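Working notes for the structure below.
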Amino acid sequence: MKPRRHAAAIVAVLALLLAAPAMGQGALTARQSEALAAYDRALGDFKSILAERRRQIEAKQPLPNLPGQALYLARVAVISSYKDLTDAMPSRIGRPNKFEIPPAYFDADIEPLVDEYGKLFDIMEAPPASAQDSPTPFKDVVDLAVAIARAKGLAPEHAETAGRISLGLFFAETNGKQNVRNARSNTYMGSFQTGPSEDRNGQRKWEAIKGEIAAIDPALSARDDKEEARARGTDHRFNHWTNVRNGLMNAHADLFREIPGIVKTLPNPIDQMKLFELIQIVPTPTRSALKSGDLLNYGVSSPTIMKSWPRLFGQRPAGFKWIPAGLC
């Protein structure tokens with residue numbers, strides 16, 4: 001065979017190999033084809049809405065109401081459809097990713113898209129100019145939670161657990177960012193993402209135990225007086241201290257009493273944080289589960305609630321889609 005013909009033959013063979021299905025894989029099944037098409041559509045939609053929001057922001061155009069909602073739904077669709085794809089085609093499970101998301105749920109090739117997603121939310125959720133930051137935001141969360149837990153009668157070790165859980169909640173709500181707005185809601189704002197009524201309710205509950213707090217921790221009580229004066233006449237949700245304080249008092253303080261039992265049932269600290277995040281997301285069924293005396297086997301049938309419930313138990317009910325904690 002002449003060199004030129006030899007080269008042409010190699011090229012032809014390579015072309016056939018590239019065009020053919022992977023060895024042993026054969027033609028895609030109907031389920032595989034549908035899953036691949038659904039993922040491709042979801043990925044295209046995600047890229048499109050990312051590009052649209054970036055263009056609008058850079059052109060200083062007015063953004064639509066709830067500008068982050070379409071982004072969020074597009075990202076969830078990408079992750080959900082990718083899990084469906086890897087269920088149908090396990091060979092599509094790729095390399096580990098920098099977010100440490102299980103590879104079956106996330107294609108590492110789209111890391112730059114998720115980075116852009118985060119950058120856009122940083123812009124859309126930037127705190128208002130009047131927001132009152134704290135130089136010690138993480139310490140504030142822990143100190144407030146510990147003081148509240150002690151006022152609720154917890155022993156020091158369990159009060160420290162309340163502090164750790166609350167710090168986890170801060171990161172679950174806002175990735176540890178102070179005073180942020182919410183690109184997906186016109187109601188929930190601030191470091192603990194509370195609505196106006198929740199913030200007011202939390203403040204009323206704080207005032208009811210303020211005397212006990214002062215006796216337990218005079219320095220923290222003095223700091224509270226300063227922050228209350230600083231926030232007077234403004235939306236308390238955009239003062240980091242008062243929003244964390246009111247958020248904890250509104251949703252979590254009464255349940256701090258349950259921490260000793262929770263620790264026995266859920267010895268893993270991550271599971272403890274997940275439970276309290278469920279209290280933030282779906283409070284009524286989570287409280288019912290705690291009262292049932294059989295937390296791990298408590299049944300929840302509502303489709304809406306089941307979107308969050310598996311985050312604690314690590315289950316994916318048959319025929320039901322959800323994504324791991326930390327992705328939503």
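Residue numbers count from 1 along this sequence. In this text the structure is predicted, and so the values were computed from the model without any measurement.
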- Task: Verify salt bridge (Lys or Arg N to Asp or Glu O under 4.0 Å) between R95 and D107, making sure each step is shown before the conclusion.
- Result: CA-CA 8 Å; R95 67 185 188 278; D107 183 354; 5.3 Å; no

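- Under the 3.5 Å distance criterion, the side-chain polar atoms of T265 are left unmatched by any main-chain donor or acceptor of I262.
- Following chains of ILVMFWY side-chain contacts shorter than 4.5 Å, one can reach L73 starting from Y117, so the two form part of one hydrophobic cluster.
- Remark: side-chain polar atoms of S80 are not paired, donor with acceptor, to backbone N or O of V76 under 3.5 angstrom.
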- Query: Where do F138 and F171 land on the ring-ring contact (aromatic ring centres under 6.0 Å, His included) test, with the steps shown first?
  - Reply: CA-CA 10 Å; F138 308 136; F171 276 88; 5.3 Å; yes

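- Of the possible polar contacts, one joining the S191 side chain to the N179 backbone as a donor-acceptor pair under 3.5 Å is found.
- Between D225 and K210 a salt bridge is recorded (basic side-chain N to carboxylate O distance below 4.0 Å).
- When atom types are taken as modelled, the side chain of Q32 and the backbone of A88 share a donor-acceptor pair closer than 3.5 angstrom.
- F106 and F99 have perpendicular rings, their planes meeting at more than 60° on a 0 to 90° scale where under 30° would count as parallel.
- Counted by atom type alone, N250 and T194 present zero donor-acceptor pairs between their side chains at under 3.5 Å.
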- Passes side chain to side chain contact (heavy atoms under 4.5 Å, CB included), L144 versus W206? Steps please. CA-CA 11 Å; L144 280 163; W206 173 262; 4.1 Å; yes

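- Ion pairing of R245 with D140 is absent here, as no side-chain N (NZ or NE/NH1/NH2) approaches a carboxylate O to less than 4.0 Å.
- Under the side-chain contact (heavy atoms from CB on, under 4.5 Å) rule, E58 has a single partner from Q61, Q56, R54, R55, which is R54.
- Rounding to the nearest 0.5 Å places CD of E212 at 13.5 Å from CG of D217.
- Residue F238 is tested with T234, D235, T242 for a side-chain contact (heavy atoms from CB on, under 4.5 Å); the sole match is D235.
- A donor-acceptor contact under 3.5 angstrom links the side chains of W241 and D224, judged on distance only.
- Taking each heavy atom of G94 and Y82 in turn, the nearest pair found is N-OH, 3.8 Å.
- A distance of 11.0 Å separates CD in E207 from CD1 in I209, rounded to the nearest 0.5 Å.
- Counting only N and O atoms by type, the side chains of R164 and Q272 include a donor and acceptor under 3.5 Å apart.
- Salt-bridge annotation for R223 and E227: present, with a side-chain N of the basic residue lying under 4.0 Å from a carboxylate O of the acidic one.
- Listed here is the closest heavy atom pair of S81 and A42: OG-CB, 3.5 Å.
- Below 30°, between 30° and 60°, or above 60°: for F192 and H252 the angle between ring planes is above 60°, a perpendicular geometry.
- R237 places no side-chain N or O within 3.5 Å of a backbone atom of Q193 that could act as its donor or acceptor partner.
- Rounding to the nearest 0.5 angstrom, the gap separating the CD1 atom in I123 from the CD1 atom in I57 is 4.5 Å.
- Under a 3.5 Å cut-off, the side chain of E125 and the backbone N or O of D122 do not form any donor-acceptor pair.
- The minimum heavy-atom distance linking F121 with R184 is given by the pair CE2-CG, 4.2 Å.
- Residue S166 holds its OG atom at 11.5 Å from CD of E173, rounded to the nearest 0.5 Å.
- Of all heavy-atom pairs spanning P127 and Q178, the tightest one is CG-O, 3.5 Å.
- Note that NZ of K274 and CG of L169 are 13.5 Å apart. Values are rounded to the nearest 0.5 Å.
- Closest of all the heavy-atom pairs between A145 and F256 is O-CE1, 3.8 Å.
- Between D115 and K98 there is a salt bridge, since at least one side-chain N of the basic residue sits less than 4.0 Å from a carboxylate O of the acidic one.
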